[in-house]
Amino acid sequence: MASSGVVGFIGLDVLSLELVSSLIRSGFRVQGFEEVNGTLVDEFLRLGGVRCDSVKDVARGATTLFVVTDYGEKADLLLGSDGLVNELHNDVVVILQSTLSPSYIHKLQKSLTGELDGAALVGAHVFKGVSGSFNGKRIVVAFGNHGAVQKMQPVLSAISAKLLAFEGEIGDGSKIRMVNDLLEGIHLVASVEAMYLGVRAGIHPSILYDIISNAAGSSWIFVNMVPKLLTYDDSLANSLDSMAKRLGLLMGTAKQLTFPLPLLSMAYQQLIYGTSHACRNNHFTSPVKVWDDTFGVNITDSANAKSYNPEALVDQLSTSSIAVKKIGFIGLGAMGFGMATHLLRSNYCVLAYDVYKPTLSRFQDLDGLVGTSPAAVSKDVEVLIVMVANETQAESVLFGDAGSVSALPAGASVILSSTVSPAFVKNLELRLKDEQKSLKLVDAPVSGGVKRAADGTLTIMASGTDEALACTLSVLSALSEKLYVIKGGCGAASSVKMVNQLLAGVHIAAAAEAMAFGARLGLNTRMLFEIIKHERGFSWMFENRVPHMLDNDYTPYSAIDIFVKDLGIVSAESSSLKMPLPIASAAHQLFLSGSASGWGRYDDAAVVKVYETLTGVKVEGKLSVRNMESVLKSLPPEWPENPIEDLQRQEQQKVSKVLVVLDDDPTGTQTVHDIEVLTEWNVETLIEQFSKNPVCFFILTNSRSLSSEKAASLTKEICQNLDMAAQRVKDINYTVVLRGDSTLRGHFPEEADAAVSILGEMDAWIICPFFLQGGRYTIDDIHYVADSDRLVPAGETEFSKDASFGYKSSNLCEWVEEKTKGRITASSVASISISLLRTGGPTAVCSLLCSLQKGSTCIVNAASERDIAVFAAGMIQAERKGKCFLCRTAASFVSARIGIRPKQPIQPSDLGINRIVTGGLIVVGSYVPKTTKQVEELRSQLGHVLKCVEISVDKVAMKSVEDREEEINRAAEMANTLLRLHRDTLLMTSRKLITGKTPSESLEINYKVSSALVEIVRRINARPRYILAKGGITSSDLATKALEAKRAMVIGQALAGVPLWQLGPESRHPGVPYIVFPGNVGDNNALAVVVKTWARPSRFSAKDLLLSAENGGYAIGAFNVYNLEGIEAVVAAAEAENSPAILQVHPGALKFGGLPLVACCISAAEQSTVPITVHFDHGSSKSELVEALELGFDSVMVDGSHLPLMENISYTKYISILAHSKGMLVEAELGRLSGTEDDLTVEDYEARLTDASQAEEFIDKTGIDALAVCIGNVHGTYPAGGPNLRLNLLKDLRTLTLKKGVSLVLHGASGLPKELVKECIELGVRKFNVNTEVRSAYLEVLRKPNKDLVHVMAAAKDAMKAVVAEKMRLFGSAGKA
């Protein structure tokens, strides 16, 4: 039996020795085989490894086996008849770290799984990170099926600082290595060409190296291999030889795939040339010597020549620098405009010209001066800056019609910042001298991009005479973060820029070739990019341009035609110097091909389209939509301990800081309950709040509705007030959470920057948008939005297209870089992985947080509430160690941080508002597509009862003030009327989204719409039953402005993720439930579900009424009604007595009043503030009962008392089945009452008592819900001797009906003495029919004279109401509604 801790290695290299060392330190036993004796084997033994004599010996006993080299395939050491498969343990994990062919990997996998139970094969790419937080740390990228990846995790975790595990093809690791090798090879040869070109152009190689290492032309290869080139390092030959072999294999793969690799082929030929000549005739010559001969210069001698410090020259010149006041500027392109506006902000007087008139207008709007020609902006200036696209344009603006040179004053200086050839600059200097005006020229090409141009943080190389440099130094310094003065006169700086552009252009083209090849290999291109960013194939241009390729977004930042020009300069210089530059020439041809295809004005990253067009591949790397169930199942098990109890205990003991949540809209309260929300934040209010020593409180900022500037200003104001308030309350420490949208919309980083400016620098910003109730998950740094059973990357959802807060990146590290405009790079963002949360727990979280550099940004992955609780617990531990954090999170973090457990959604009955008459008000302002779909579904399901008032956005936001006011008035009046008519009312903006041309214009339109909604709600006087506001901005504005709430209590949720507030006493509607429904929460049905739940119940169930009576020990009166006065009398009495009641319609009344009578009963029941149902009484024929079933009654009485028992049972059962299918209660009579009711008379001799022995059979066979019994009661008036009720019979029937769950009903309650009624109730009667006494009261009124019919009706109503109210009090139902 093999030990679980034995790891075998087949083959050794330098990296594998590091793995061996880590494994041994982690307690594994390591054994290995290497064919060649040497230093690798010696080091292996020194580390504690056990050397084996054969691969079979390595395989024996190993539970994990690394295959490091590729000779196993050639010799068939793994699969041959004597191969090691036969020696492997059943549950072994074989990790392929070598480059093996796909066919061989397939054979190996088939053999392993076929011959060994439980064996697993995993592909692994292991390398040392070269950038960001993983610089110098080992990264392992593993591929295999889920079981295999999980099985090998302990071993790979022991050898890596970062483990990336993917379910995919085992050979994908080899494919990634190939792509990286491609980049390394191209970058190496490009570095060689660039350095030799620079030296031939007269630039010292160390200066070239120092400048380009920090410029756009940089790469890992350039930084790490050029020093070896310059020092004649012997190891370079071995590195080149190894690289040539790897590239040879790669070229073979490309041939098999029929995939062109023009750049790699050039690089490969160069490497073959260098290495083959170096070993000619068994005589070793360094490849550097070969390149010296090829390029015509000894680079080592050049490197050893005396150098200088270009930055120190700036300091020397600054002593003689001359102040400049007036500057001419020609060329307001993307970078030129930024440079010119920065000079304006630096208090220079700038007079600018550009051929594009709208750009001139923009510049003029910023208080810049403009001219009508180059000559016009050159008069009387001290310095003229030329920033045009090419040499032709430079020639034109300087020497063409109305050119600058003729207008420049004597002694002026010209700064040429365009990228032009060194020869052009040298010639230009001579021509300016010929003007005999003492004009000075500074050659000053720039690098850094549009943003850095506007910020004044460019890199500038400058050359010229000392006098020219002194006259322009102040201007150049104002524009630059790094300024290099290059010796050699005009043309020297352009030579440095030319070398940089050679590398930059090649690196862009190489990135295109690499990504296209990766796509052809079947790799996920976005995953490939994330890995290569940390690989030796990394370059500045790869990191910067590949995202454009992945997004298929070629909005030009630097166009293809720019590199057609720049590499054309390189090509011309190559020809002039007679030195071959094959890889630069190949890159030039690729850009030419792109331009010829019509893509010249596209971003230079569009050169990838050349490969896509030729080969049919697609590099675009949209993150895939993933199956939610399979993704969540693939994650490690959750941390076993739930930290919530600890978090609750800490909060109760007040040992952690008060959590102050600045909520950019009200939806942040989605996961909390019993927490206060403030809508004002003056210092006194905050002192009062802190004095309560709360666990947490929210401050509603609604900043998402503001511009970035206003949001930042507001955040500063609140933080200042918090700071002042906290200082005035003893022992108060607090942590600020910027609660933002879980779909990544909002003012980031502006609000975070504002908070830090007041509260001071934090140890880290925490980014945590996980929100379970909304279906937001962050996994492997990718933020997802759940859509049914799918996980959709956030950047692919409608939320990312938001007019004000749109974004592209789903990867949160990249999102941070995108939103900070590169200030915080993706590679610098730390990440807390789900693996760390679930395997290391709070302690591991604390350790990672404490290890971050001050001012870091850290994202939190999470896929469950437990993950967030673990993170919160770890964060609190770090805070106790003195760490301070600023959190930008979604709602889930808040509830986890303060240890809140979720509770069930709040129902209307929980708040006692079931029978409030007025309608509910639903206000919809959100425009996210999800809201529109939810509104459509709401109207589809509830359109028959929901009244809609639509507000024209065009009228309130785009038309005149008069049109706006008219629309607001119309909507307010209509909504007011509908609410008073007890109608649930939907107040919604028209659904056609109107946006502005810019984000700020869109925000302004949003403001106008929101303010219109506020004004409409302000003008609604009717108190709604509840208010539901749909959308964050809408709900905030309504709460604070329309309803004037200064604080509210979050009492829970109306639905998961939908907060429910109770407005404070100062608001316009104190205590009214306020449902804050986020625009982005729930499925299409969610809004309809909430409205259905909170809508006023139109009808009560008759069965529920009788059940309540049973539980309460009282009876309900059923009162026969014949007209409107009778209906109103019953309802008025019920509302006055707060009693349930039943409106009862006899067949005679139905025959007379018809459907209008029933409709009046139903309408009265619906509008009543107490439970009222409508009952059809004494249905003695099938036809009238079947008709009654369709008229809207809540219950029916089936009267078969005139039939023999079995016929009564059959008749009653028939109707019972039909009625129950409609949810109606069924009452039936057993026995027969004597007396008269509505002209129907039953003589005494026909009457019979209920037979208790028959009752059980009757109930069982009919399935009735209520039994009307005959125990001596009569219809109409009792005889003079009074009623003679058989109470013993009633007692027996009660015993039976209680067992059967059937309610007892007693007809003929008119005239029963009070004591007898109460005794019947005690014996279980739950419904009394009352008719005669109510009718008598009505008839008595008719006998009295009245002036008018209206008076008769009112008097009749009052008389009946008095009788009904008395009965309710007698029955015990008063006060029971």
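Along the sequence shown, residues are numbered consecutively beginning with 1.
Looking only at side-chain heavy atoms (C-beta outward), P769 and L812 come within less than 4.5 Å of each other. Between V736 and L662, some side-chain heavy-atom pair lies under the 4.5 Å cut-off. When side chains are defined from C-beta on, T735 counts as touching R897, because their heavy atoms get closer than 4.5 Å. Put simply, the side chain of S800 does not reach to within 4.5 Å of the side chain of L744, judged on heavy atoms. Here the side chains of K137 and H534 are not in contact, with every heavy-atom distance at 4.5 Å or above.
For an aromatic pair to be called close, the ring centres must be under 6.0 Å apart, and F799 with Y807 fails this. Taking the six-membered ring for Trp, F893 and F771 have ring centres at least 6.0 Å apart.
For S742, the side chain to side chain donor-acceptor pair (under 3.5 Å) test picks out R776, with sequence neighbours left out. Considering only residues two or more places apart in sequence or on other chains, Y557 meets the side chain to side chain contact (heavy atoms under 4.5 Å, CB included) condition with H548, D603. With sequence neighbours excluded, the residues that form a side chain to side chain contact (heavy atoms under 4.5 Å, CB included) with S160 are V140, L163.
By the 4.0 Å N-to-carboxylate-O rule, R823 lies too far from D455 to be salt-bridged with it. Electrostatic pairing of R536 and D181 does not count as a salt bridge here, judged by no charged N lying under 4.0 Å from a carboxylate O. Checked for salt-bridge contact, D664 and R739 meet the test: a charged N lies under 4.0 Å from a carboxylate O.
With hydrogens and angles disregarded, no donor-acceptor distance shorter than 3.5 Å links the side chain of N544 to the backbone of W540.
Seen from the ring of F805, R704 does not count as a face-on cation partner, given the 6.0 Å and 45° thresholds.
Looking at every heavy atom in both residues, V845 comes nearest to M875 through CG1-N, 4.2 Å. Listed here is the closest heavy atom pair of L635 and A863: CD1-CB, 3.6 Å. Of all heavy-atom pairs between S892 and F770, the closest is CB-O, 3.5 Å.
The local environment of NZ in K801 is crowded, with over 12 non-hydrogen atoms from other residues, nucleotides or ligands closer than 6.0 Å.
Here the rule is side-chain contact (heavy atoms from CB on, under 4.5 Å) with N861, and of I832, D781, L836 only D781 fits it.
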